[in-house]
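Structure first, commentary second.
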There are 2 protein chains.
Amino acid sequence: MDHLDRKILAIVQRDCASKAEAIAETVGLSASAVQRRLRALRSAGVIRAEVAVIDPKAIAGTMTFIAGLEIERENYGALQKLRRWAEGCDHVQQLYYVTGGFDLVAIILASDVEAYDMIAAALMRDNPLIRRMTTNVVLRAEKVGLEVPLAEE
Amino acid sequence: MDHLDRKILAIVQRDCASKAEAIAETVGLSASAVQRRLRALRSAGVIRAEVAVIDPKAIAGTMTFIAGLEIERENYGALQKLRRWAEGCDHVQQLYYVTGGFDLVAIILASDVEAYDMIAAALMRDNPLIRRMTTNVVLRAEKVGLEVPLAEE
DNA sequence: CCTGAAAAGAACTTTCT
DNA sequence: AGAAAGTTCTTTTCAGG
């Protein structure tokens with residue numbers, strides 16, 4: 001993991017369909033070298049996945065909700081169960097275990113408020129450790145991304 | 001946008017490095033047809049981008065913060081300025097304009113608490129409309145993704 | 001209009017220096 | 001790491017439903 005790797009990462013985390021030759025030109029390397037580094041980054045797990053980002057607007061009925069969860073006590077066993085629950089639920093996009101006003105924050109997608117209510121109800125039913133759930137409805141996603149800020153050399 | 005497109009999307013939003021032939025086999029189409037559909041989905045904007053997901057743990061010092069913002073009034077002009085600010089700040093990963101307890105929710109990455117504090121201070125300095133900022137520190141990201149739930153036919 | 005199959009082109013992988 | 005040969009994937013083209 002040197003400066004060149006970071007430069008390559010900075011590019012592919014915005015567009016992983018970039019051709020190796022194009023990347024090579026901007027980082028000042030040969031195409032072969034770029035591919036080797038990319039392969040190494042993949043197998044090392046630095047590049048976790050390469051995914052297509054779909055515009056939620058293109059999918060009929062996708063609303064975003066941000067839920068702050070407060071739990072009974074920091075019960076780690078139940079927390080793990082909740083984690084698995086979220087893993088198995090496609091509607092739960094993101095789940096963060098936090099410290100602050102809430103214990104957990106979840107980003108949930110649903111076709112409408114009714115569908116969200118059903119997901120939220122199921123979530124609370126299956127995870128009794130959840131004491132309180134505060135929901136914010138997303139009116140507009142101003143920025144959505146998972147890019148990691150990479151300090152340039 | 002038919003059932004086959006949705007099937008293709010369901011695959012590439014998890015792995016856009018999949019070969020067309022592999023996709024073709026699972027959706028029951030030829031490789032050519034898959035590529036044509038992928039190209040159409042790209043130019044139609046359904047596929048917004050294809051990105052590499054980087055493991056934040058691999059990057060030295062990446063902490064995640066979730067900030068709930070309360071603003072003075074729903075001042076749309078200032079909001080747009082805030083949106084541009086977020087767009088230009090690599091540390092702001094996500095920004096949602098919401099209704100509920102907060103007005104906006106931001107997901108911010110920083111190398112440590114000090115760095116976060118500087119970003120937060122700059123954010124409030126440059127955007128006087130922000131009245132209050134409630135931060136939750138992410139102890140662990142249980143699930144992180146941008147996958148859209150695609151109802152199967 | 002969209003599919004599938006084959007030819008042409010481009011990209012990636014491997015090997016060697 | 002870079003360059004060239006070999007392999008694989010993608011793109012184009014064309015015939016058919």
Side-chain angles (χ1 to χ4, degrees), chain A residues 1-62 145-153, chain B residues 1-60 145-153:
Chain A
M1 270 287 292
D2 59 355
H3 312 277
L4 288 87
D5 280 327
R6 258 186 283 276
K7 272 191 169 184
I8 294 170
L9 288 174
I11 295 171
V12 295
Q13 81 169 339
R14 289 198 172 183
D15 177 16
C16 66
S18 312
K19 307 305 175 191
E21 202 171 352
I23 300 173
E25 199 174 354
T26 63
V27 305
L29 229 66
S30 74
S32 305
V34 171
Q35 319 240 37
R36 267 192 290 265
R37 280 165 179 269
L38 277 172
R39 187 141 34 98
L41 290 167
R42 272 190 271 261
S43 61
V46 177
I47 294 179
R48 264 190 165 181
E50 285 153 278
V51 306
V53 179
I54 296 170
D55 188 347
K57 288 196 291 292
I59 307 298
T62 18
L146 296 174
E147 287 94 4
V148 175
L150 294 164
E152 285 307 302
E153 50 179 302
Chain B
M1 270 288 290
D2 58 355
H3 311 278
L4 288 86
D5 281 325
R6 257 186 283 277
K7 273 191 170 184
I8 293 170
L9 288 174
I11 295 171
V12 295
Q13 84 169 338
R14 289 198 172 185
D15 177 16
C16 66
S18 312
K19 309 302 174 193
E21 202 170 352
I23 300 173
E25 199 173 354
T26 63
V27 306
L29 230 65
S30 75
S32 305
V34 170
Q35 316 241 37
R36 267 192 289 263
R37 280 165 180 268
L38 276 172
R39 187 144 33 99
L41 289 167
R42 273 190 269 263
S43 62
V46 177
I47 294 178
R48 261 192 168 180
E50 283 153 279
V51 305
V53 180
I54 296 171
D55 189 348
K57 287 197 292 292
I59 308 298
L146 296 174
E147 287 94 4
V148 175
L150 293 164
E152 284 306 301
E153 49 177 302

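Residue numbers begin at 1 in each chain, while the letters A, B, ... track the order of the sequences.
A 4.0 Å heavy-atom criterion places the boundary nucleotides of DNA chain C facing chain A at C:dA11 to C:dT15, written 5' to 3'.
Here B:R37 does not reach the OP1 or OP2 of D:dT10: none of its side-chain N or O atoms lies under 4.0 Å away.
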- Query: Could you walk me through whether A:L38 and A:V34 pass the side-chain contact (heavy atoms from CB on, under 4.5 Å) check?
  - Reply: CA-CA 6 Å; A:L38 277 172; A:V34 171; 4.0 Å; yes
- Mind running side-chain contact (heavy atoms from CB on, under 4.5 Å) on A:R36 and A:L29 for me, showing each step along the way? CA-CA 11 Å; A:R36 267 192 290 265; A:L29 229 66; over 6 Å; no
- For side-chain contact (heavy atoms from CB on, under 4.5 Å), just list the numbers for A:M1 and A:L9, CA-CA rounded to whole Å, side-chain angles, deciding distance to a tenth of an Å, and then say yes or no. CA-CA 10 Å; A:M1 270 287 292; A:L9 288 174; 4.2 Å; yes
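Near DNA chain C, defined here as any heavy-atom distance below 4.0 Å, the residues from residues 11-28 of chain A are A:K19, A:A20, listed numerically.
In this structure, CG in A:D5 is found 10.5 Å from CG in A:L150, a value given to the nearest 0.5 Å.
With hydrogens and angles ignored, the 3.5 Å screen pairs no side-chain donor or acceptor of B:Q35 with any backbone N or O of B:A20.
Along DNA chain D, the nucleotide nearest to B:R36 and the one nearest to A:A33 differ in position, and the one closer to the 5' end is contacted by A:A33.
Enclosure of atom CZ in B:R42 by more than 12 non-hydrogen atoms of other residues, nucleotides or ligands within 6.0 angstrom is indicated.
Between A:K7 and A:T26 the shortest heavy-atom distance is NZ-O, 4.5 Å.
Checking each of A:V148, A:V51, A:V12, A:I47 against B:V53 for a side-chain contact (heavy atoms from CB on, under 4.5 Å) leaves exactly one that passes, namely A:V51.
At whole-Å resolution of the value, CD in B:E50 and C1' in D:dT10 are 13 Å apart. Rounded to whole Å, atom C1' of D:dA3 lies 14 Å from atom CD of A:Q35.
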